[in-house]
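Residue numbers start from 1 in every chain, and the chains themselves are labelled A, B, ... in the order their sequence lines are given, proteins ahead of strands.
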Amino acid sequence: MNRILKILFVALFVRPLVFIILGLNVRGRKYLPLSGPAIIAANHNSHLDTMVLFSLYPLSVVHKLRPVAAADYFLCNPLIAWFSLNVIGIIPIARTGKINKNGIFSACHEALDNGDIIILFPEGTRGEPEKTSKLKKGIYHIVKDREDTPIVPLLTHGLGRALPRGEALLVPFNCDVVVGNTLPPAASSDELLALLNDAYARLLKDCLTYTGPA
Amino acid sequence: MLGIPENAFIAMLAVLGVLVIATVIQFILRLKRPDIDYRELTQRIVSWWWIIGLLFLFLTIGTTAAIVFFAFLSFLSLKEFISIVPTRQADRNAVFWVYLSIPFQYYWVTTGWYGMFIIFIPVFIFLLIPVRMVLKGETDGFIKSAGVLHWAAMLTIFSVSHVAYLLVLPEKQVMAGGVGLVLFLLIMTQFNDVSQYVWGKLLGKHKIIPKVSPNKTWQGFVGGMFTIMLVASIVSPHLTPLNQVEGLIAGILISVSGFFGDVVISSVKRDLHIKDSGNLIPGHGGILDRMDSLIYTAPIFFHYIYYLYY
């Protein structure tokens with residue numbers, strides 16, 4: 001049932017939104033993991049990030065995509081909570097820091113065991129438009145005991161112009177989506193974050209809509 | 001045929017014929033030389049089928065449908081342009097207003113309100129964009145943004161809407177109608193691109209603007225212009241109210257303005273250090289890469305025949 005809802009949502013809402021109102025310049029599509037377990041580590045500038053990721057996948061796979069999302073934000077209102085859990089299929093995660101590390105990520109492990117593709121935003125927040133905030137270490141705690149799970153870096157650019165945090169008006173912009181190679185294994189959380197930061201810096205150069213210093 | 005005037009219908013069939021020939025040649029090339037990668041050529045031809053198929057479909061459905069089609073082309077072009085040029089986060093609302101001007105501009109076209117059509121963007125939108133920006137209050141980079149946004153509106157909305165207005169001009173050439181004018185403009189513009197390229201490949205030696213476009217040569221430019229002059233003078237009496245001499249001059253105007261449209265958009269891309277403006281059309285790049293010449297030929301051709309006949 002939820003699977004059908006999600007397919008309908010992607011086919012009738014997400015895809016027209018992404019392909020007509022927005023418009024994507026996709027690079028490196030071949031690196032996109034089509035089956036789980038896998039983690040997509042994406043930068044986060046807009047609610048549209050998740051929509052864009054959904055639109056990249058064939059409808060037969062979209063139910064496997066599980067965005068990790070802040071429980072305090074998405075579960076506060078019963079209607080949004082129902083929609084986030086049942087249609088989007090989020091994995092809610094507590095940002096309060098009160099629960100221990102294994103407890104926080106148990107739902108992620110469950111999903112990965114189930115062969116899902118987790119969408120993770122290591123910045124933890126959308127932050128300022130078109131800027132990558134400091135990456136959080138949580139991603140390392142998910143993968144450290146899971147050698148079977150590849151981390152694929154993915155950079156979007158331009159979505160923070162289309163729909164930035166705190167704005168209700170969506171303005172059409174073409175956006176870049178650049179997918180990178182699977183990251184090599186990392187021995188520590190700092191190493192992993194360094195690899196990820198490097199990957200983002202490299203992917204940014206392939207963006208058509210990026211006009212800053214090369 | 002199908003409600004389309006006879007000569008315009010023949011022109012459509014001719015275009016489809018050329019496309020069929022190109023497709024067949026491409027198949028033969030792929031069979032004869034399997035060692036060469038023809039993927040880009042194939043992609044280009046498939047994309048041409050889509051572009052021409054959609055254009056002919058909307059032209060056949062009717063005038064309003066075709067005007068909506070050109071409005072949508074304006075939307076896609078504007079989106080692509082505004083996405084590759086630098087704009088500020090504070091410009092979002094002004095950009096939205098520029099988008100909103102598209103339905104208005106094309107509504108003036110459907111009603112045939114020439115006075116409004118011709119001043120709406122150069123006057124009202126020109127004045128309104130900075131007003132919306134002032135209300136936002138961000139003054140750093142104000143001048144640049146105001147310039148970029150109005151230029152975007154002129155290129156992608158005002159210029160392109162001239163193609164649509166050809167459809168509502170009173171019919172002076174009953175055998176072809178407004179559709180004939182649109183086809184004449186589009187075919188000549190595209191054929192000019194192709195023949196400048198072919199002459200350039202065959203004889204090209206002296207570069208015109210090497211810094212902007214290393215492939216543009218005087219030989220290509222002049223060869224293309226003579227080709228278009230010849231073809232335009234033969235075709236124009238059948239598709240437009242123009243006689244042979246006027247058609248020949250239309251050919252010169254389209255050839256020269258098409259060249260400049262091409263290099264102006266090339267300069268934009270050079271400035272931004274990108275090769276294509278997007279990847280909407282497989283094998284061609286973005287929509288602006290395809291519309292570049294038309295942005296210049298449309299208003300020039302329109303005002304030429306408007307001065308002579310309307």
Side-chain angles (χ1 to χ4, degrees), chain A residues 15-30 32 44-48 52 55-56 126-133 155-179 203-214, chain B residues 68-69 71-103 129 132-133 135-136 138 141 144-145 148-149 152 156-157 268-282 284-289:
Chain A
R15 287 191 168 191
L17 174 84
V18 171
F19 293 130
I20 297 174
I21 309 288
L22 296 173
L24 299 183
N25 304 310
V26 186
R27 303 273 187 275
R29 189 188 274 271
K30 60 174 185 277
L32 209 61
H44 202 18
N45 279 132
S46 168
H47 285 316
L48 295 171
V52 163
S55 72
L56 293 176
R126 285 169 290 160
E128 280 192 46
E130 303 299 279
K131 292 206 177 66
T132 304
S133 322
L155 189 84
T156 59
H157 194 268
L159 294 163
R161 282 201 287 182
L163 186 69
R165 179 185 194 175
E167 293 272 349
L169 177 72
L170 193 156
V171 180
F173 279 99
N174 278 353
C175 303
D176 285 297
V177 180
V178 196
V179 194
L203 299 179
L204 189 60
K205 290 181 185 152
D206 285 332
C207 291
L208 285 180
T209 59
Y210 173 68
T211 48
Chain B
V68 170
F69 176 75
F72 190 63
L73 284 187
S74 275
F75 168 73
L76 293 177
S77 311
L78 174 66
K79 180 154 62 81
E80 207 170 85
F81 188 83
I82 223 79
S83 305
I84 57 172
V85 296
T87 55
R88 306 168 304 164
Q89 205 64 32
D91 297 329
R92 281 174 23 88
N93 300 76
V95 170
F96 189 74
W97 280 33
V98 177
Y99 278 113
L100 270 188
S101 68
I102 297 175
I129 290 170
R132 186 64 191 89
M133 288 167 58
L135 293 176
K136 193 81 184 175
E138 177 63 56
K144 204 172 169 188
S145 283
V148 162
L149 293 187
T156 61
I157 309 172
V268 170
K269 291 184 288 184
R270 291 261 156 181
D271 189 7
L272 299 167
H273 304 288
I274 54 177
K275 193 177 151 284
D276 293 332
S277 56
N279 49 15
L280 181 71
I281 319 176
H284 294 253
I287 191 157
L288 278 176
D289 298 313

Spacing of [atom1] belonging to [X] relative to [atom2] belonging to [Y], to within rounding of 0.5 Å:
X	Y	atom1	atom2	result
A:Ile21	B:Tyr99	CD1	OH	9.5 Å
A:Arg161	A:Glu167	CZ	CD	14.0 Å
A:Leu24	B:Leu280	CG	CG	10.5 Å
B:Met133	B:Leu149	CE	CG	6.0 Å

Return yes when atom CZ of B:Phe96 has more than 12 non-hydrogen atoms of other residues, nucleotides or ligands closer than 6.0 Å, and no otherwise. no

Pick from B:Ile82, B:Ile84, B:Ile274: which one has the most heavy-atom pairs with chain A under 4.5 Å? B:Ile82

Do B:Lys269 and B:Asp289 touch side chain to side chain, with heavy atoms closer than 4.5 Å? yes

Side chain / backbone / both / neither for [X] at chain A, heavy atoms under 4.5 Å:
X	result
B:Thr87	both
B:Asp91	neither
B:Glu80	both

Heavy-atom distances under 4.5 Å only: say whether A:Leu22 touches chain B with side chain, backbone, both or neither. backbone

For the candidates A:Asn25, A:Val26, A:Asp176, A:Leu170, which exhibits the highest count of non-hydrogen atom pairs separated by less than 4.5 Å from chain B? A:Asn25

So which of A:Cys175, A:Pro164, A:Gly23 has the largest heavy-atom pair count under 4.5 angstrom toward chain B? A:Pro164

